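Worksheet: the structure to be examined is printed underneath.
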Amino acid sequence: MRYPLRGLDVSHHQGIVDWPAVARDDVAFVYLKASEGGDHRDRRYADNERGARAAGIAVGAYHFFTFCRSGAEQAANFLAAAPARGDALAPAVDLEFGGNRGRRPDAAAMRAELDAFLAPVEAAYAKPALLYVTPEFFEAYRAALPARPLWRRSILRAPEASAAWTLWQYHNRGRVAGIDGPVDLNVHVGDAAAFAAWRAQSGVAR
């Protein structure tokens, strides 16, 4: 199998999840939505985190980044929703135009607010963040993005090879035991040893 480690990303939209059933269905890791913008927090995050951890699944938290609140405000919201834990996966930030009401700041403005988000989050987690990027966002801002591991969205086909990736979201309507309805499916680029090394990384690239 080219990508042996399969994972999910989950929010309250998946409802109540049977995490032991998920773990039995070949799911090694999950990213849980923790927060969005400056004040929204996912109502299922705490329950999902407890359940996934108890089922033995590697857990990470992600924040949906908006262009209508400052990066510093968003970092505070995320860290209040998902405090750093030593065994957590790298914090992830969801960067996309969907849900941003058509706002498209220039590259310098985007980078300034993203840096303001990353600085406190990475200091708290003591590891570099993961940047989730849609194809449209990546095309628009690629040159302005900081050097961080990428979580690429590319439904049904591998991401174009000109930029390395760590996670690949390859399906947005997958089916997994323990979840009623569709869920996003992801893979890690490497094998179990590579995943363990990535999970244990520390320090922040600048």
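This one's a predicted model, so the numbers in the text were calculated from it and none came from an experiment.
Between Y31 and W151, the ring planes lie tilted relative to each other; the angle falls in the 30° to 60° range. The aromatic rings of F137 and Y141 lie tilted to each other, with the angle between the two planes from 30° to 60°. Classified by interplanar angle (parallel below 30°, tilted 30° to 60°, perpendicular above 60°), the ring pair F78/F117 is tilted.
By the criterion of side-chain heavy atoms lying less than 4.5 angstrom apart, applied directly or through intervening Ile, Leu, Val, Met, Phe, Trp or Tyr residues, L89 is not grouped with W168; the two fall into different hydrophobic clusters. Grouping the Ile, Leu, Val, Met, Phe, Trp and Tyr side chains by contacts below 4.5 angstrom, directly or via other members, places Y62 with L167. By the criterion of side-chain heavy atoms lying less than 4.5 angstrom apart, applied directly or through intervening Ile, Leu, Val, Met, Phe, Trp or Tyr residues, I57 is grouped together with V10 in one hydrophobic cluster. Both V133 and F65 are assigned to one and the same hydrophobic cluster, defined by single-linkage of ILVMFWY side chains at heavy-atom distances under 4.5 Å. Linking Ile, Leu, Val, Met, Phe, Trp and Tyr whenever their side-chain heavy atoms come within less than 4.5 Å puts L185 and V59 in one cluster.
A donor-acceptor pair is defined here as one N or O able to donate and one able to accept, closer than 3.5 Å; no such pair exists between the side chain of E113 and the backbone of M110. At distances below 3.5 Å, at least one donor-acceptor pair connects side-chain atoms of E73 with backbone N or O atoms of S70. K127 places a side-chain N or O within 3.5 Å of a backbone atom of A88 that can act as its donor or acceptor partner.
Atom CG of D180 is surrounded by 12 or fewer heavy atoms from other residues, nucleotides or ligands within 6.0 Å. More than 12 heavy atoms of other residues, nucleotides or ligands lie within 6.0 Å of CD1 in I155, so this atom counts as buried by the packing criterion. More than 12 heavy-atom neighbours from other residues, nucleotides or ligands sit within 6.0 angstrom of CZ on R103.
You'll find the side chain of D87 reaches within 4.5 Å of the side chain of R53, heavy atoms only. Here the side chains of Y170 and S154 are not in contact, with every heavy-atom distance at 4.5 Å or above. Inter-residue side-chain proximity for P91 and H63 is flagged as unmet; no heavy-atom pair is nearer than 4.5 Å. Within the 4.5 Å cutoff, the side chain of F195 has heavy atoms near those of the F29 side chain. At a threshold of 4.5 Å between non-hydrogen side-chain atoms, the residues R44 and V17 do not count as touching. Within the 4.5 Å cutoff, the side chain of V22 has heavy atoms near those of the W19 side chain. Side-chain contact between W198 and V189 is absent, with no heavy atoms from C-beta onward closer than 4.5 Å.
Salt bridge annotation for K33-E36: present, with a cationic side-chain nitrogen under 4.0 angstrom from a carboxylate oxygen. Ion pairing between a basic and an acidic side chain is recognised when a charged N comes within 4.0 Å of a carboxylate O; R153 and E96 show no such pairing. Between R142 and E160, at least one side-chain N (NZ, or NE/NH1/NH2) sits under 4.0 Å from a carboxylate O, which counts as a salt bridge.
Expressed to the nearest 0.5 Å, how far CG of L145 lies from CG of L95 amounts to 7.0 Å. In this structure, the separation between CG on L118 and CG on L131 is 6.5 Å, given to the nearest 0.5 Å. With rounding to the nearest 0.5 angstrom, the OH atom of Y132 is 8.0 Å from the CG atom of N186. In this structure, L114 CG and R148 CZ are separated by 8.0 Å, a value rounded to the nearest 0.5 Å. Note that CG of D25 and CZ of R6 are 5.0 Å apart. Values are rounded to the nearest 0.5 Å. The distance from atom CG of L130 to atom CZ of R152, rounded to the nearest 0.5 Å, is 12.0 Å.
Among all heavy-atom pairs drawn from G37 and N77, the shortest one is O-ND2, 3.2 Å. Between W165 and H188, the shortest heavy-atom contact is CZ3-C, 4.2 Å. Residue A163 comes nearest to F138 through the heavy atom pair CB-CZ, 3.7 Å, listed as atom of the first residue, atom of the second, then distance. The shortest heavy-atom contact between Q169 and D184 is NE2-OD2, 3.4 Å. When all heavy atoms of A34 and A82 are compared, the pair lying nearest together is CB-CB, 3.8 Å. Scanning both residues, V27 and V176, for their nearest heavy atoms gives CG2-CG1, 4.0 Å.
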Side chain to side chain donor-acceptor pair (under 3.5 Å) between S11 and R43, intermediate numbers included: CA-CA 8 Å; S11 74; R43 63 179 180 270; over 6 Å; no
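With a 6.0 Å cutoff to the six-membered ring centre and a 45° limit on the axis angle, R104 counts as a cation-pi contact of F97.
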